[in-house]
Structure formats: C-alpha cells, structure tokens
Amino acid sequence: FIPLDDPATYRMLKTAETTAVFQLESRGMKDLIKRLQPDDIEDLTALVALFRPGPLQSGMVDDFINRKHGRAEVAYPDAKYQHDKLKPILGPTYGVIVYQEQVMQIAQELAGYTLGGADMLRRAMGKKKPEEMAKQRAVFEGGAKDQGIDPTLAIKIFDLVEKFAGYGFNKSHSAAYAVVSYQTAWLKTHYPAQFMAATMSSDMDKTEKVVIFVEECRSMKLNLLPPDVNQGDFQFTVDIDNNIIYGLGAIKGLGEGPVENIIEARKNGPFKNLFDFCSRIDSRKVNKRALDALVRSGSFDTIGPDGDNPERDLDMTRAILLAALPEAVKTADQAL
C-alpha cells in the first residue's frame with residue numbers, strides 16, 4: 001500500500017525533479033509543477049488536466065495557480081456570480097471549472113438536471129452548437145427557478161460554465177493518471193536506485209533515453225557502476241550497497257542471447273582476463289561484433305591491463321584490449 005499523502009513525495013514533486021515520473025517529465029510540465037506546487041492528490045489530478053493547450057492559453061491555469069496561492073480570491077465560480085451549492089463541487093479546484101464532471105454536477109445541483117440530461121448538456125457545451133445551447137440555456141434557467149435560485153444568477157453561472165466547458169477534461173481519466181504519476185514519484189523518492197534501474201531497463205533499447213537517465217542518476221547522487229562482464233546482468237540491477245549495475249543489454253550491438261551466454265559462463269567464477277573470457281563463452285553466441293561492443297563500452301576494463309588501478313588511462317586499456325582481441329579469439333578457437 002502506497003499512502004497518497006506522503007510529505008517526502010510532495011517535497012520531491014515541488015522541486016520538479018520529475019524526470020522518469022509518469023506524465024510529469026516534460027520541460028513544460030516541470031515549469032507548471034514549479035508554479036503550481038502540488039500539495040495533494042487533488043492538486044496532482046488538476047495538474048494533469050490543466051497541462052493542455054486550451055487551459056494553458058485560456059488563462060485557466062493562471063487563475064487556478066493564483067487562487068491556490070492566495071493571490072486571487074477563491075470564488076464559486078466567480079466573485080460576482082456564485083452560489084453556496086457550488087462550493088463542494090468546485091472546492092477541490094479552488095473554484096475553477098476544470099473537469100467535465102464538474103459541469104454535470106453544477107447542472108444537477110443548480111438546475112435539477114438528471115444525470116443523463118447533465119451529460120447531454122456537457123456534450124452540447126463541448127460542440128458549441130448555437131441552437132442546442134439556446135435550448136439548454138432555457139432548460140437550465142427553468143430548472144434553477146424550480147430550485148428556488150434567482151434565474152438571472154443562474155444564467156450568469158450558465159454562461160461561465162459554458163465558457164470553460166470546452167476546456168473541461170474527464171476527471172476519472174485525469175485521476176487515474178495522477179495516481180500512477182504519484183506512485184512513480186513515491187518510488188523515485190523512497191527507492192531511488194531501484195526505480196532508476198527499472199526505468200533504464202524499460203528503455204534500454206533507446207540510447208538517447210538511457211543517456212538522459214544516466215544524467216538523472218548523477219543529479220540524484222546515485223552511484224551507477226560502468227558496464228562489467230563480471231557484474232552486469234541483461235537489465236540494470238541494484239547491489240546490496242545500493243549501487244546501480246549497468247545492464248549489459250543496454251550496450252549497442254549486444255543482444256539478449258550473448259548476455260545470457262556470458263552470465264551462464266560466469267557461474268563457474270569471475271572472468272580473469274580477456275583470454276579467459278574468450279575461452280569460456282560460446283563464440284557462436286558471443287561473436288566478434290559483440291566482443292568489440294563489450295571492449296568499447298568498458299565492460300572489460302576491470303579485467304584488462306592494470307585493471308585494479310583507478311587512475312589508469314582507460315582509452316589505452318581499451319586500445320590494448322581491441323588489439324589483443326583477434327589473438328584471444330584465435331587462441332580460444334584452437335583450444336576447442
């Protein structure tokens with residue numbers, strides 16, 4: 001069970017350090033998060049719904065943010081035209097009409113619409129057909145009068161609802177996205193190494209995304225170990241010291257078959273050097289292209305020349321290994 005009110009998760013969200021967090025990783029979304037500063041799941045749900053061209057361009061987003069932070073008066077929905085019946089409906093969004101469901105609830109509460117009738121009103125407002133809207137305005141006014149609400153106030157509220165209904169988003173959809181966004185944010189907050197390892201594993205075939213996530217690991221002060229034939233699995237993993245071990249499957253030119261063969265050969269003990277490696281793997285599965293990719297990625301650095309010296313010249317180490325590769329393959333083939 002993941003609590004939806006975890007303070008540490010919201011502290012992380014407010015910093016907009018949301019790379020790899022579902023729905024919240026684009027530059028525009030990060031800018032909006034910094035401005036909105038979500039405090040709870042309702043704010044997060046609204047955030048997902050508001051990050052669309054219509055709300056961003058209409059002024060709805062600015063209105064929402066200013067009301068949330070006390071820079072503008074919270075009204076239901078407008079300071080001049082509001083009604084107490086709308087507080088429970090618009091309270092979670094600071095009086096701003098954000099969701100299609102709010103449009104339907106307003107029609108039900110103020111004008112006595114049935115659920116089916118409210119849905120017809122929602123669709124009519126979305127399509128903006130003048131004839132249909134004229135009919136709906138009359139129905140809304142009459143229904144409000146029957147509820148004991150001033151018809152003039154009802155029509156003013158109707159016009160405000162109509163203005164924002166075209167931008168309304170389905171809350172059930174937005175809430176589902178927001179929960180997944182929150183859950184991934186919670187995992188990133190409390191299990192950062194495991195979360196980033198899983199994230200990189202899910203996109204390991206996209207080099208440009210792996211590069212972004214590697215930079216994020218550095219930003220998060222996580223220790224990402226370089227590729228190593230003696231440690232790496234196919235996917236990114238995490239050791240007992242919370243180090244992320246680079247997934248060999250993320251190396252270009254190295255498929256799942258070669259990695260499985262490397263792991264199988266490694267069961268008999270760690271590889272001692274390049275020649276030992278070549279003698280123990282199946283050359284039909286780990287071919288010359290795969291070997292070249294392993295050398296160039298640094299996967300043999302720890303078992304190359306002077307492998308235990310952290311100050312060695314890695315370019316030189318890899319150059320020596322590349323030069324030795326044909327002889328290592330030949331020697332292994334002769335030993336068969």
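Looking at Glu215, its side chain never comes within 3.5 Å of a backbone N or O of Ile212 through a donor-acceptor pair. Put simply, the side chain of Arg266 gets close to the backbone of Val229: a donor and an acceptor are under 3.5 Å apart. Remark: the backbone N or O of Phe22 is paired with a side-chain donor or acceptor of Thr184 at under 3.5 angstrom. Not a single donor-acceptor pair under 3.5 Å links the side chain of Gln183 to the backbone N or O of Ile2. Between the Arg35 side chain and the Val61 main chain, no donor and acceptor come within less than 3.5 Å of each other. Although no hydrogens or angles enter the test, the distance criterion places no donor-acceptor pair under 3.5 Å between the side chain of Arg67 and the main chain of Val74. Between the side chain of Glu25 and the main chain of Ala20, a donor-acceptor pair closer than 3.5 Å is present. At least one donor-acceptor pair closer than 3.5 Å links the side chain of Asn230 to the backbone N or O of Phe271. The closest donor-acceptor contact from the side chain of Asn273 to the backbone of Ile303 lies at 3.5 Å or more, if one exists at all. In this structure, Arg312 contributes its side chain and Asp301 its backbone to a donor-acceptor pair below 3.5 Å.
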Next item on the list: Take Glu42 and Lys171, measure what salt bridge (Lys or Arg N to Asp or Glu O under 4.0 Å) needs, and give me the verdict at the end.
Entry: CA-CA 10 Å; Glu42 286 286 358; Lys171 184 177 182 180; 3.3 Å; yes
Margin query: Could you go through Asp39 and Lys68, starting from their C-alpha distance and side-chain angles, then the distance that decides it, and tell me whether this counts as salt bridge (Lys or Arg N to Asp or Glu O under 4.0 Å)?
Written below: CA-CA 10 Å; Asp39 288 305; Lys68 171 177 166 56; 2.5 Å; yes
Next item on the list: List the steps and the verdict of salt bridge (Lys or Arg N to Asp or Glu O under 4.0 Å) for Arg71 and Asp62.
Entry: CA-CA 10 Å; Arg71 297 190 290 266; Asp62 292 332; over 6 Å; no
Next item on the list: List the steps and the verdict of side-chain contact (heavy atoms from CB on, under 4.5 Å) for Val259 and Asp233.
Entry: CA-CA 7 Å; Val259 176; Asp233 289 337; 6.0 Å; no
Next item on the list: Decide salt bridge (Lys or Arg N to Asp or Glu O under 4.0 Å) for Lys206 and Asp203; before the verdict, give the C-alpha distance in whole Å, the side-chain angles of both, and the deciding distance to 0.1 Å.
Entry: CA-CA 6 Å; Lys206 303 179 184 72; Asp203 280 319; 3.4 Å; yes
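Counting heavy-atom neighbours within 6.0 Å of Lys14 NZ, excluding the residue itself, gives a total above 12. Around CZ of Arg289, the count of heavy atoms belonging to other residues, nucleotides or ligands within 6.0 Å does not exceed 12. The number of heavy-atom neighbours closer than 6.0 Å to CZ of Arg27, taken from other residues, nucleotides and ligands shown, is 12 or below. No more than 12 heavy atoms of other residues, nucleotides or ligands sit less than 6.0 Å from atom NZ of Lys156. Atom NZ of Lys30 has more than 12 neighbouring heavy atoms from other residues, nucleotides or ligands inside a 6.0 Å radius. More than 12 non-hydrogen atoms from other residues, nucleotides or ligands lie less than 6.0 angstrom from CE of Met133.
From Ile155, atom CD1 reaches atom NZ of Lys145 across 12.0 Å, with rounding to the nearest 0.5 Å. In this structure, Gln235 CD and Ile245 CD1 are separated by 13.0 Å, a value rounded to the nearest 0.5 Å. Interatomic distance, Lys163 NZ to Asp159 CG, rounded to the nearest 0.5 Å: 10.5 Å. For the atom pair CG of Leu13 and CG of Leu24, the computed distance is 6.5 Å after rounding to the nearest 0.5 Å. Thr45 OG1 to Ile41 CD1: the interatomic distance, rounded to the nearest 0.5 Å, is 5.0 Å. The line from CD1 of Ile244 to SG of Cys217 is 4.0 Å long, rounded to the nearest 0.5 Å.
The minimum heavy-atom distance linking Ala265 with Ile281 is given by the pair CB-CG2, 4.1 Å. Across every non-hydrogen atom of Ala16 and Lys34, the tightest pair is CB-CG, 3.6 Å. Taking each heavy atom of Glu101 and Asn170 in turn, the nearest pair found is OE2-OD1, 3.2 Å. Nearest approach of Leu254 to Ala290, heavy atoms of both residues: CD1-CB, 3.5 Å. For Asn223 against Asn243, the heavy-atom pair with the smallest separation is ND2-OD1, 2.7 Å. Here the closest heavy-atom approach between residue Phe51 and residue Gly28 is recorded as CE1-C, 3.4 Å.
Glu132 and Gln136 share a side-chain donor-acceptor pair at under 3.5 Å.
For an aromatic pair to be called close, the ring centres must be under 6.0 Å apart, and Phe169 with Tyr99 fails this. When ring centroids are compared, Tyr182 and Tyr10 come within the 6.0 Å threshold.
The closest side-chain heavy-atom distance from Glu260 to Glu264 is not below 4.5 Å.
Linking ILVMFWY side-chain heavy atoms closer than 4.5 Å, directly or via other members, places Leu32 and Tyr177 in two distinct hydrophobic clusters.
Ring-plane geometry between Trp186 and Tyr191 is classed as tilted, the angle between the planes lying from 30 to 60 degrees on a 0 to 90 degree scale. Taking the six-membered ring where tryptophan is involved, the planes of Tyr113 and Phe140 are tilted, since the angle between them lies from 30° to 60°.
Taking 4.0 Å as the cut-off between side-chain N and carboxylate O, Asp292 and Arg296 count as a salt-bridged pair.
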